[in-house]
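Throughout, numbering of the chain's residues begins at 1 and tracks the sequence.
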Amino acid sequence: MAATVHHAFSSLSPIRLGRTKNNARTGPQWRRLGARPVRRCEVAVGESRRVTVSNGGDSLDICRVLNGMWQTSGGWGRIDRDDAVEAMLRYADAGLSTFDMADHYSLDICRVVNGVWQTSGGWGRIDRDKSVDAMLQSLWHLHSIRVRRERPPDFLETVKGLTKWVPPPVKMTSSYVSESINVSRKRMDVPSLDMLQFHWWDYSNSGYLDALKHLTDLKEEGKIKTVALTNFDTERLQIILEKGIPVVSNQVQHSIVDMRPQQQMAELCQHTGVKLITYGTVMGGLLSEKFLDTNLSIPFAGPSLNTPSLQKYKRMVDAWGGWSLFQTLLQTLKRVATKHGVSIPTVAVRYVLDQPAVAGSMVGVRLGLAEHIKDSNAVFSLVLDEEDVSSILEVQKKGKDLMRIIGDCGDEYRRA
């Protein structure tokens with residue numbers, strides 16, 4: 001039976017939110033959550049494969065290794081719809097049954113425009129053997145149809161779809177928020193979204209609090225099962241909790257290289273029970289054997305940085321300590337991986353899953369083009385010992401403090 005860990009919001013200790021000379025928040029100044037009591041949140045942890053995150057009466061059971069579907073957006077290779085749905089079934093059948101989507105990368109992956117099938121990866125003629133309804137739905141909907149038709153009735157309950165909403169900076173009225181969420185519900189063909197993860201670009205515009213209030217109302221109406229955040233920093237997460245918004249998680253960038261969430265965010269999460277869902281955990285594939293013992297300074301000598309993710313996380317490596325130090329990290333991870341008979345990405349994901357407040361980590365899936373089912377499932381049986389962790393920490397401490405360079409979680413997306 002799952003053990004249950006309770007987190008009381010109403011008697012919180014203050015959270016450090018100091019600032020450095022360059023305005024990066026580091027501690028030791030203290031700031032309190034307001035006197036207003038915040039609802040109790042609890043997280044039930046069963047076997048290491050799954051976690052149930054709940055807040056009050058809201059709960060969602062997810063796989064701790066999530067399938068990130070941003071790689072269907074076109075920059076990672078052209079995705080075939082039918083091959084992608086088959087791949088989703090294989091992941092779900094293997095127990096990797098939680099899928100992360102978004103309105104800004106792949107929620108509405110398919111439309112029909114003037115008789116032509118359009119996907120975010122390119123154009124192709126309509127397959128006339130397919131029904132019009134199927135062509136108008138998202139991959140998630142097509143996958144759900146297959147699950148209902150071809151799997152036992154209770155199998156669908158294990159498959160979860162986490163989506164996001166990233167609205168423009170307009171006035172967040174109740175009707176606007178409701179209409180936007182109804183679009184997602186229609187695309188996914190569900191009465192209630194499993195999880196709605198909310199993002200807001202401009203903190204100076206407090207409309208995000210209005211939006212979250214309306215999302216909470218929609219949750220009470222049964223249109224959303226759980227409300228969550230993506231790329232909010234510690235300060236704003238604390239403000240949101242002070243307002244009584246029952247968020248269950250915050251999705252943030254977190255890897256062996258980027259440990260910023262552990263500097264402030266994790267402390268607040270441990271006080272409140274809010275959990276972290278991480279992305280960038282394998283750094284777009286940089287944390288893999290493919291880039292071990294390579295020299296990217298020599299043109300065409302090593303693997304190309306041919307995806308948006310690889311280019312993004314190469315910049316993170318440069319900020320952290322450069323390619324030479326990154327090679328030392330890869331060599332260390334390879335020794336750990338060889339010792340346990342797994343791959344470097346498996347070690348990278350396990351390390352982050354073992355960090356405080358982390359409920360799950362996302363691994364990007366290039367549906368129909370490449371699969372990481374074996375590596376992802378190996379995460380659940382991997383146990384890193386003290387020697388493994390110490391060797392990784394030894395390299396980490398040689399890197400620069402990304403909190404001071406970039407700022408808190410999500411700041412890399414909000415800089416001009």
Sub-3.5 Å donor-acceptor pair from the side chain of [X] to the main-chain atoms of [Y], do we have one?
| X | Y | result |
| --- | --- | --- |
| Arg64 | Leu353 | yes |
| Thr346 | Asp375 | yes |
| Asn55 | Val247 | yes |

When the aromatic ring centroids of Phe99 and His143 are compared, is their separation below 6.0 Å? yes

Tyr176 and Trp165 aromatic ring geometry - parallel, tilted or perpendicular at 30°/60° bounds: tilted

Tyr413 vs Trp201 aromatic rings, parallel, tilted or perpendicular, using cut-offs 30° and 60°?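 Rings of Tyr413 and Trp201: perpendicular, over 60°.
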
Would you mind reporting whether Ile145 and Arg149 have side-chain heavy atoms less than 4.5 Å apart? yes

When you compare the side chains of Gln263 and Asp408, does any donor N or O come within less than 3.5 Å of an acceptor on the partner?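 Per modelled atom types, Gln263 and Asp408 side chains form no pair under 3.5 Å.
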
Is any NZ, NE, NH1 or NH2 atom of the basic residue among Arg151 and Asp93 found under 4.0 Å from an Asp or Glu carboxylate oxygen of the other?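 Looking at Arg151 and Asp93, the cut-off is met.
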
Is a salt bridge present between Lys219 and Asp58, judged by a nitrogen-to-oxygen distance below 4.0 Å? yes

Crowded around Glu150 CD? As in, over 12 foreign heavy atoms under 6.0 Å? yes

Would you say NZ of Lys339 has more than 12 non-hydrogen atoms from neighbouring residues, nucleotides or ligands within 6.0 angstrom?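 Yes.
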
